[in-house]
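Report on the structure given below.
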Amino acid sequence: QVQLVESGGGSVQLGGSLRLSCAASEYIHSTYCMAWFRQTPGKEREGVGVMPTGGASAFYADSVKGRFTISQDNAKGTLYLQMNSLKPEDTAMYYCAADVGYCGLAPLYNYWGQGTQVTVSS
């Protein structure tokens, strides 16, 4: 089984930046699709962006396009989420997810981290 641990959350003001990290218990970069999700109380878990395996490009939810960027450390397999121009509506618990098969923006992944809190104030 795969274990995922997120880090890098915190509190920032509107327009600020944060970089989240997702560390996996083993190197899964080459075979697993990985993704970022977020969730606030009373709302469904929302797909933020996806990093497919192979040479496919990352893709993002409309709400974060142009502001968030997913990348990976090829040596470590760590997944990153660079968040710029943050807005109060970005406030949420952010989760890392991975799956050997599914690779989309729906919350259908088999493996999930425990989450890291991001709070954006105005």
Q.
Among residues at least two apart in sequence or on other chains, which ones pass side-chain contact (heavy atoms from CB on, under 4.5 Å) with Ser63?
A. Arg38, Glu46, Ala61
Q) Can you check whether Phe37 and Trp112 have ring centres sitting under 6.0 Å from each other? A) yes
Q: Side-chain contact test, heavy atoms from C-beta onward, threshold under 4.5 Å: evaluate it for Cys22 versus Trp36 and give yes or no.
A: yes
Q.
List the residues meeting side-chain contact (heavy atoms from CB on, under 4.5 Å) with Val120, not counting sequence neighbours, and say none if there are none.
A. Val12, Leu86, Pro88, Asp90, Thr91, Val118
(Q) For residues 48-66, which residue pairs pass the salt bridge (Lys or Arg N to Asp or Glu O under 4.0 Å) check, not counting sequence neighbours? (A) Asp62-Lys65
Q) Looking at residues at least two apart in the chain, or sitting in another chain, which of them share a ring pair (Phe, Tyr, Trp, His ring centres under 6.0 Å) with Tyr95? A) none
Q. Between Tyr94 and Gln117, is any pair of side-chain heavy atoms under 4.5 Å apart?
A. no
Q. Given side chains that start at C-beta, do those of Val50 and Cys33 come closer than 4.5 Å, heavy atoms only?
A. yes
Q) Under 3.5 Å, is there a donor-acceptor pair between the side chain of Asp73 and the main chain of Thr78? A) no
Q) Any side-chain heavy atom of Tyr60 sitting closer than 4.5 Å to one from Thr69? A) yes
Q.
Going by side chain to side chain donor-acceptor pair (under 3.5 Å), name the pairs with one or both residues in residues 1-24, residues two or more places apart or in two chains.
A. Ser17-Asn84
Q) Considering residues at least two apart in sequence or located in another chain, which fulfil the side-chain contact (heavy atoms from CB on, under 4.5 Å) criterion with Ala106? A) Tyr102, Leu108
